[in-house]
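Okay, structure first, notes after.
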Amino acid sequence: MTVPNFRLLHVPGAGLDGIDMASLPAGCHVCNVFEHEIPIAEFVLAAMLNWEIRLDALRASFATDTWSDTYRARVPHGEVHGKTLGLIGFGRIGRTIAQRARAFGMRILAVDQFAGNADGLADAVLPPDRLPEALTQADFLVIACPLTEQTQGLIGAAELAAMKPTGVLVNVSRAPIVDEAALYDALSRQAIGGAVLDVWYGYPAGAEDRVPPARFRFEDLPNAVCTPHSSAWTTQLPERRYAFIARNIDRLAAGEPLLNVVRTPSPEPSPGLQEMSLP
């Protein structure tokens with residue numbers, strides 16, 4: 001198959017792990033787009049709040065016929081205030097989560113190789129070799145880094161064992177960053193408090209494809225909250241993303257610098273305006 005000589009490949013999301021950069025024309029810009037950090041941050045805060053407050057359980061316990069006994073026997077729930085949030089990754093998503101968590105009075109530790117300035121959003125930004133410090137202190141450990149050769153399997157059996165026995169892992173990035181078997185084992189043994197999992201190890205490739213999300217039935221575990229990769233999928237997201245792509249296409253046509261460039265062309269791109277956006 002001959003690849004058309006287009007000038008811009010615009011990814012409608014942030015992840016680049018599904019793109020074969022070597023197959024693209026030499027003169028092609030590659031740009032990505034974010035805008036998902038807002039709903040993902042809201043999802044993470046909702047997950048942490050729900051973990052502490054247990055709103056569904058409180059609602060299920062309420063009934064007119066048993067009200068008096070329920071009131072007298074009510075059990076205190078937790079707070080996120082004062083809890084430590086460990087962020088693996090301190091890019092757009094991590095910082096947006098931190099901004100909202102800070103408003104709830106959480107202590108924030110971030111682990112990131114490139115983020116040098118916390119801008120007041122984190123109590124500390126640690127290099128990757130200090131990951132164990134975040135693991136041992138985090139009440140909630142949020143995976144918000146990209147999937148790369150360096151991060152695949154980053155959280156394995158040893159890292160899970162280093163977490164607090166009450167610690168909760170929240171993965172809104174890519175599932176393979178966390179070792180699948182090690183996570184299931186830790187949850188099954190209740191070696192950690194639990195997990196909120198929105199990303200998975202298997203995805204359907206087409207309309208008729210049927211694949212399991214993982215080798216293990218995480219949803220059967222009482223301490224696992226499983227959702228269908230929906231943390232970013234809001235009614236407002238597509239409009240923001242495609243408006244950004246449209247503005248970048250206008251920039252390309254006008255010869256202006258592009259935004260969110262992840263690969264620049266080399267050598268000079270051939271003339272003619274063409275663009276390609278992944279669905």
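Applying the 4.5 Å side-chain rule to ILVMFWY residues, one finds that Phe34 remains a lone member of its cluster. Taking a 4.5 Å side-chain heavy-atom cut-off between Ile, Leu, Val, Met, Phe, Trp and Tyr, the cluster of Leu109 contains only that residue.
Remark: the backbone N or O of Cys28 is paired with a side-chain donor or acceptor of Arg263 at under 3.5 angstrom. Side-chain N or O atoms of Trp51 include none that pairs as donor or acceptor with a backbone N or O of Ala195 at under 3.5 Å. The closest donor-acceptor contact from the side chain of Arg241 to the backbone of Pro238 lies at 3.5 Å or more, if one exists at all. Formation of a donor-acceptor pair under 3.5 Å by the Asn248 side chain with backbone atoms of Leu259 is found in this model.
Rounded to the nearest 0.5 Å, atoms CG (Leu187) and CZ (Phe216) are 11.5 Å apart. In this structure, Ile108 CD1 and Gln99 CD are separated by 10.0 Å, a value rounded to the nearest 0.5 Å. Here Asp56 contributes atom CG and Asn50 contributes atom CG; the two are 5.5 Å apart, rounded to the nearest 0.5 Å. With rounding to the nearest 0.5 angstrom, the CG atom of Leu45 is 11.0 Å from the OG1 atom of Thr96. Put simply, CG on Asp139 and CG on Leu85 are 9.0 Å apart, with the number rounded to the nearest 0.5 Å. Remark: Leu154 CG to Asp179 CG distance equals 11.0 Å, nearest 0.5 Å.
The stretch residues 124-133 participates, sequence neighbours left out, in these side-chain hydrogen bond (donor to acceptor under 3.5 Å, both in side chains) pairs: Arg130-Glu133. Counting only residues at least two apart or in different chains, side-chain hydrogen bond (donor to acceptor under 3.5 Å, both in side chains) contacts with residues 142-158 comprise Thr148-Gln150, Thr148-Thr151.
Looking at heavy atoms from C-beta onward, Ser173 lies out of side-chain contact with Leu147 at the 4.5 angstrom threshold. Contact check for Phe43 versus His36: no side-chain heavy atoms found under the 4.5 Å cut-off. Contact annotation: the side chain of Lys83 never approaches that of Met48 to less than 4.5 Å [non-hydrogen atoms, C-beta and beyond].
The existence of a salt bridge linking Arg247 and Asp250 is excluded, since no basic side-chain nitrogen approaches an acidic carboxylate oxygen closer than 4.0 Å.
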Assess the residue pair Leu87 and Asp112 against the criterion (side-chain contact (heavy atoms from CB on, under 4.5 Å)); give the C-alpha distance rounded to whole Å, side-chain angles, the decisive distance to 0.1 Å, and a yes or no.
CA-CA 8 Å; Leu87 288 167; Asp112 195 295; over 6 Å; no
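Shown here are the side-chain hydrogen bond (donor to acceptor under 3.5 Å, both in side chains) partners of His229, two or more places apart in sequence or in another chain: Tyr203. Arg240 meets the side-chain hydrogen bond (donor to acceptor under 3.5 Å, both in side chains) test with Glu35; sequence neighbours excluded.
Taking the six-membered ring where tryptophan is involved, the planes of Phe218 and Tyr201 are essentially parallel, since the angle between them stays under 30° and well short of 60°.
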